[in-house]
Peer 1: 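Below: one structure in structure tokens.
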Amino acid sequence: MTKDDCYLLGKLTKTHGLKGELAIWLDVDYPEEYEELDSVLLEIKGELIPHFVAEIQIRPNKSIIKFEDINTIEEAQKIVNCDIYLPNDNLPELDNDQFYYHEIIDFDVIDEQKGKLGKVTAVYTSEAQDLIAMVYENSEILIPVSDEIVKTVDRIKKELYTNLPEGLLEIYLNTDSESDTEKDF
């Protein structure tokens, strides 16, 4: 199984205790949905290696995971900072107008007014606002993720449909129109 067949679940951040437990950061909206994990894939030296979960404790600030074959702090230390993956098959199916951020990378952005603009290059998440990045006319454009702006997705055509606010593209483009306007005053 390759990373293309999987999604990033989180990261092992540090050891916890002396018996091989590890603190785990879960990069998901609803961590409690992962309380019954049987196994995960750890990225070790570029390879995805299956590890069986003995126990996982989901907590608000710091979740703890214990693997079956890791019983000492020394063994746990070897996998600190490893990324954790699960097969894409584990993701719940979404409605047609919903999508997972990882699946829209390289999708074409199609705007209702301007047509085809560019390809999604990344999705940035933050507490304030999630942003979809694309390159348009050699500039990175950041599109706020909201129901009013990002309308729907076509997985078969690999297209993301938007209704960009007027002026959003122009904010990012280097144009001389401002300097021309200033000369008139």
Side-chain angles (χ1 to χ4, degrees), residues 1-107 109 119-135 140-147 149-150 152-153 155 158 160:
M1 184 166 296
T2 68
K3 287 194 335 188
D4 290 340
D5 303 318
C6 300
Y7 66 97
L8 179 67
L9 176 64
K11 186 178 205 75
L12 298 172
T13 57
K14 63 182 180 177
T15 59
H16 179 84
L18 302 174
K19 297 180 182 176
E21 299 96 345
L22 293 122
I24 180 175
W25 170 73
L26 295 172
D27 186 19
V28 295
D29 291 333
Y30 304 104
E32 60 278 2
E33 291 180 359
Y34 296 90
E35 289 178 323
E36 303 295 323
L37 282 177
D38 293 326
S39 64
V40 297
L41 299 165
L42 298 184
E43 183 178 14
I44 300 173
K45 298 181 183 177
E47 298 286 326
L48 294 180
I49 310 296
H51 280 70
F52 292 97
V53 177
E55 182 181 0
I56 186 166
Q57 300 170 26
I58 306 296
R59 300 177 182 169
N61 296 331
K62 177 175 67 172
S63 296
I64 306 297
I65 193 166
K66 170 78 173 82
F67 295 108
E68 286 182 3
D69 294 336
I70 297 179
N71 298 307
T72 67
I73 190 170
E74 292 81 13
E75 292 171 326
Q77 186 62 45
K78 293 176 185 176
I79 59 171
V80 168
N81 292 322
C82 285
D83 287 335
I84 304 166
Y85 289 87
L86 284 176
N88 286 333
D89 299 347
N90 287 31
L91 288 171
E93 201 165 308
L94 298 176
D95 294 334
N96 286 338
D97 60 340
Q98 297 176 314
F99 54 88
Y100 291 106
Y101 289 165
H102 71 271
E103 74 178 319
I104 63 168
I105 304 299
D106 291 328
F107 274 33
V109 177
K119 288 196 181 288
V120 175
T121 57
V123 179
Y124 304 116
T125 59
S126 72
E127 288 183 27
Q129 176 74 63
D130 293 347
L131 300 166
I132 296 171
M134 72 165 183
V135 175
E140 182 180 59
I141 309 294
L142 299 178
I143 302 169
V145 176
S146 75
D147 292 339
I149 297 172
V150 179
T152 189
V153 66
R155 288 175 180 83
K158 294 191 170 218
L160 180 73

Peer 1: For Glu36, give me all partners under side-chain contact (heavy atoms from CB on, under 4.5 Å), at least two apart in sequence or on another chain.
Peer 2: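 Result, side-chain contact (heavy atoms from CB on, under 4.5 Å) vs Glu36: none returned.
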
Peer 1: Could you give all pairs that pass the ring pair (Phe, Tyr, Trp, His ring centres under 6.0 Å) test and reach residues 68-87, with sequence neighbours left out?
Peer 2: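 For residues 68-87: none.
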
Peer 1: Taking salt bridge (Lys or Arg N to Asp or Glu O under 4.0 Å) as the cut-off, I'd like each qualifying pair that reaches into residues 10-24, sequence neighbours left out, listed once.
Peer 2: Lys11-Asp83

Peer 1: Quick one: do Leu48 and Thr2 satisfy side chain to side chain contact (heavy atoms under 4.5 Å, CB included)? Show the steps, please.
Peer 2: CA-CA 7 Å; Leu48 294 180; Thr2 68; 5.8 Å; no

Peer 1: Please, which pairs that meet salt bridge (Lys or Arg N to Asp or Glu O under 4.0 Å) have at least one residue in residues 61-76, sequence neighbours excluded?
Peer 2: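 Checked against salt bridge (Lys or Arg N to Asp or Glu O under 4.0 Å) - neighbours excluded - no pair reaches residues 61-76.
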
Peer 1: What pairs with His51 under ring pair (Phe, Tyr, Trp, His ring centres under 6.0 Å), at least two apart in sequence or on another chain?
Peer 2: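 With sequence neighbours excluded, His51 shows a ring pair (Phe, Tyr, Trp, His ring centres under 6.0 Å) to Phe67, given in chain and number order.
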
Peer 1: My understanding is that only residues two or more places apart in sequence, or in another chain, count here; which of them pass side-chain hydrogen bond (donor to acceptor under 3.5 Å, both in side chains) with Asn88?
Peer 2: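 For Asn88 there are no side-chain hydrogen bond (donor to acceptor under 3.5 Å, both in side chains) partners, ignoring immediate neighbours.
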
Peer 1: Is any side-chain heavy atom of Leu26 closer than 4.5 Å to a side-chain heavy atom of Ile58?
Peer 2: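 Contact flag for Leu26/Ile58 side chains = yes.
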
Peer 1: What pairs with Ile73 under side-chain contact (heavy atoms from CB on, under 4.5 Å), at least two apart in sequence or on another chain?
Peer 2: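 Per chain and number, Ile73 pairs via side-chain contact (heavy atoms from CB on, under 4.5 Å) with Thr15, Leu18.
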
Peer 1: Tell me the salt bridge (Lys or Arg N to Asp or Glu O under 4.0 Å) pairs involving residues 41-58, sequence neighbours left out?
Peer 2: Lys3-Glu43

Peer 1: Search all heavy atoms of Thr13 against all heavy atoms of Val80 and return the closest pair with its distance.
Peer 2: O-CG1, 3.4 Å

Peer 1: Would you say Leu22 and Ile24 make side-chain contact, with heavy atoms under 4.5 Å?
Peer 2: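 No, every pair of side-chain atoms sits at 4.5 Å or beyond.
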
Peer 1: For the residue pair Leu160 and Ile143, establish whether any side-chain heavy-atom pair is separated by less than 4.5 Å.
Peer 2: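 No; the side chains remain at least 4.5 Å from each other.
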
Peer 1: Going by atom type alone, with no hydrogens or angles, which donor-acceptor pairs under 3.5 Å involve a side-chain atom of residues 128-135 and a protein atom two or more places apart or on another chain?
Peer 2:
residue	atom	partner	partner atom	Å
Gln129	NE2	Val145	O	2.9
Asp130	OD1	Ser126	N	3.2
Asp130	OD2	Tyr101	OH	2.7

Peer 1: Mind checking the CG-CD1 spacing from Asp38 to Ile56? Nearest 0.5 Å is all I need.
Peer 2: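 Spacing of CG (Asp38) from CD1 (Ile56) equals 11.0 Å.
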
Peer 1: With sequence neighbours left out, write down each residue that passes ring pair (Phe, Tyr, Trp, His ring centres under 6.0 Å) with Tyr100, or none if nothing qualifies.
Peer 2: His102

Peer 1: How long is the span from the CG atom in Asp27 to the OH atom in Tyr7, to the nearest 0.5 Å?
Peer 2: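 The OH atom of Tyr7 is 11.0 Å from CG of Asp27, to the nearest 0.5 Å.
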
Peer 1: Roughly how far apart are Ile79 CD1 and Ile70 CD1, rounded to 0.5 Å?
Peer 2: 3.5 Å

Peer 1: Kindly compute the distance separating CG (Asp5) from CG (Leu41), expressed to the nearest 0.5 Å.
Peer 2: 10.0 Å

Peer 1: How far apart are the C-alpha atoms of Leu37 and Leu9, what are their side-chain angles, what is the distance that settles it, and do they pass the side chain to side chain contact (heavy atoms under 4.5 Å, CB included) test?
Peer 2: CA-CA 11 Å; Leu37 282 177; Leu9 176 64; 3.9 Å; yes

